Every structure is written in C-alpha cells, then in structure tokens.
There are 2 protein chains.
Amino acid sequence: MEAGDEETEIHGATGDDIDIGPLGQEIGYVLRRAQLMIFRRFFADFAAEDIKPAQYSTLMIVSRNPGVAQGRVAAALDIKKTNFVAMVSELERRGLMLRRPSATDRRSQCLHLTDTGVALVERLRSIAARNEDRIAAALGDGVYDGLFAPLRRIARGEF
Amino acid sequence: MEAGDEETEIHGATGDDIDIGPLGQEIGYVLRRAQLMIFRRFFADFAAEDIKPAQYSTLMIVSRNPGVAQGRVAAALDIKKTNFVAMVSELERRGLMLRRPSATDRRSQCLHLTDTGVALVERLRSIAARNEDRIAAALGDGVYDGLFAPLRRIARGEF
DNA sequence: TATTGTTATACTCTATAACTATA
DNA sequence: TATAGTTATAGAGTATAACAATA
C-alpha cells in the first residue's frame, strides 16, 4: 500500500467538477466568494469613473459629513490612518476632495468635497443605486432585504 | 464664500458617530464588512494551527479530492495557478501535503494529504463546525440557513 | 502625556510575462 | 499549437514604528 503504481489510486478526482465538501456550507467561504464577485462587478461598473471601492466609500462619507476629520473617516471605514493618508492625497490630487486645517484643533485635517467631487458622487450614487436594484430584482426583494440585518450583525461581530 | 472663518461651517460633523449614508444600504459595503469580521475571527480561531483561510480551503479540497491536479484546485478557489505554486510548496514544506506527478499526464502534479495533513484537517473541521454552530445560534437557525442560497447566487454572478 | 497626521518600511495578496516539459 | 506547472516581478492592500505639531 506504500506507493503503488495503480493509476486510479494515484490521481483520483478526475471529474470536471471538484467537490468542495463542507466548504460550501461554511458561511465564511460563501461570504468570501460573494464578496469577491461583488467587487469584481464593482470594478467593472466604476471603471469609467476610475474609482475603487475604498475611494467610493471615502467620497460617500465625506459627502454626508462635510468637514469631518480625516482620522474619523479612516476609523469609520476601518482603514489605518497611516494608510489613509495616501488615499486622501490621491483624491485631493484628482481635484475631488480637499483638506482644510481645523479651526478648533490645528492637528486635524477637515475633509471637504470639491464641486467636481460633488458631481462625481452624484454619478457614483446613481450607478450604485442601479446596481442595488439589479441585485434586488435578481434575488427577489424579500430575500435581498433580508440579507442586511444578519450581515450587519456579523459585521459587528455579534456572534 | 471663498474660504470664510466660520468654524461651524468649516469643520462640521463633530458628533461621535459618523453618518455613512447610503453605504449602509448597499449590499457590497455590508457584505465586505461582514466578510472582514469573519476573516478576523478566522485568524483568531485558526491561529493555534497557524492556518490561513486560503490554506484551509486548499487542505479541505485536497482532503475531499485526493490526487486532484494542482491547477484544478487553484481554479476551484479562483486563485491564479502562478500564485498557487508557493502556497502548495509551503504546505508541502510543512509536511501537510505532497505533490506526485500524474501517471497519465506527466505535466500534472497530483496533490495528496499526508497523515499529518489528514489529522490537521480533522482538527480544522471541528473548529470550523463549532464556529458555524456559534454563528447559526447567534443569528437564529432560520436566518442563518437563509443566507446561503442568496450568497451563492451572488457568488455565481447571477445578478 | 496623548492625539492627529505624516513618512518610511515591510509583508502579504494579487496580477502579468515568459519559460520548461510535456501533450 | 496548447496546457500544467514554474519563476520572476510588479502592483495593490495592510501592518508597525517613529516623528512633528498640537492638544
């Protein structure tokens, strides 16, 4: 039984489809695969605007919280402040956002959208809304709506 | 209106919590945050065995498909074959898995678990099962079960 | 002393091109 | 000519340490 030359025993599993076994019943695996697909679509949908998911989230948050401190946005998105610096600088370089020193705490940088940034956010929001509608239609409204509560609980670590 | 010295207009959004706006209603954002939290827990739970998610998935698939070709596992996990080489080599170096040239196609490397690998997979499976039970209990069985079908559809890009 | 933003740096993950040995 | 595995390499994403200015 040591090694043997029996081909059938040696290579096995030659079918076209692989059995992923218990993986398919594990929420982590399924969640990961779903998230990768969503991101893949995201890149395609936002390619025309040259915007990546993290940039999109940043723009959205600054849009809803004009003048918010840089570090608070980073914290809300769970991005390390040290990694967030380059991303704000890039958005600033592209003329979408700008830093302004806080009047009350001169260590803080307050973030604001430029007019160009505001216009871009409008376009992004409309693309995103169309995507949500498409997904909701594909899954059925009830199923789609039902995903949010459990996913938020998981995101909060309530398990 | 150019710049202005009005503090209230300049810094804005000073509350403790940030308004993430429509982001919280977007499946991509919520899915991403949930997936990050699951991975965070995964690292903690599997730290004792020094196993990362991709390694876990690889071991599980080889466990269920002994002798499967290396490239087919990479494809099943959506990992580029070029990046998969190092990960198989590492598992082989750790004595968990081994490559054997296929008897029918000498280009192919067939993957097998070692006895150590089989024993590890047993321990990992038991940890994973406990995690699933914990999440199911936290969300409620009905809610937990209901997540899989829509997430699989999203993962397949059916939207 | 502690905090905000910053730089420098390293490590992982992911992506592309080019090679080899087989088929 | 195409495929399986490999190497080398470059680019993102993410992590820590240390610093300046300010609180």
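Please read all numbers here as calculations on a predicted model, not as lab measurements. Here is how names work: the chains are called A, B, and so on, in the same order as the sequence lines, proteins then strands, and each is numbered from 1.
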Integer-rounded Å distance: dT20(C) P and Arg106(B) CZ: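 Going from Arg106(B) (CZ) to dT20(C) (P), I get 17 Å.
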If I take atom CD in residue Gln35(B) and atom P in nucleotide dG13(D), what distance separates them, rounded to the nearest angstrom?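 The answer, rounded to whole Å, is 15 Å.
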Can Phe148(B) be reached from Ile135(A) by stepping across I, L, V, M, F, W or Y side chains whose heavy atoms are under 4.5 Å apart? yes
Under 6.0 Å between the ring centres of Tyr56(B) and Phe42(B)?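 Between Phe42(B) and Tyr56(B), which both carry aromatic rings, the centre distance is below 6.0 Å.
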Please figure out whether Gly71(A) or Leu36(A) has its closest DNA chain C nucleotide nearer the 5' end. Gly71(A)
Does anything in residues 88-99 of chain B pair up under salt bridge (charged side-chain N to carboxylate O under 4.0 Å, His left out), and if so which pairs, sequence neighbours excluded? Asp50(B)-Arg94(B), Glu90(B)-Arg93(B), Glu92(B)-Arg99(B)
May I ask you to say what Arg32(A) touches in the nucleic acid, namely base, sugar-phosphate or nothing, with a heavy-atom cut-off under 4.0 Å?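 Arg32(A): backbone/sugar contact only, no base atoms under 4.0 Å.
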Has Arg107(B) got a side-chain atom pairing as donor or acceptor with Ser102(B)'s backbone, closer than 3.5 angstrom?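 The answer is no, because no donor-acceptor pair under 3.5 Å joins these two groups.
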Is it the case that the side chain of Arg33(A) and the backbone of Ile154(B) share a donor-acceptor pair, with hydrogens and angles ignored and the cut-off at 3.5 Å?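 No.
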How would you list, by chain and number, every residue that makes a side chain to side chain contact (heavy atoms under 4.5 Å, CB included) with Pro22(B), sequence neighbours excluded? Met60(A), Arg64(A), Arg125(A), Glu26(B)
Give, ordered by number, those residues of residues 78-98 of chain A having at least one heavy-atom distance below 4.0 Å to an atom of DNA chain D; if nothing qualifies, reply none.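 Here the set is Lys80(A), Thr82(A), Asn83(A).
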Any side-chain N or O of Arg99(B) less than 4.0 Å from the OP1 or OP2 oxygen of dT6(D)?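 Result: yes.
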Is it the case that dT3(C) (base atoms only) and Arg107(A) (side chain only) share a donor and an acceptor within less than 3.5 Å, ignoring hydrogens and angles? yes
First of Asp105(A) and Phe43(A) reached from the 5' end of DNA chain D, by closest nucleotide: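 The residue closer to the strand's 5' end, by nearest nucleotide, is Phe43(A).
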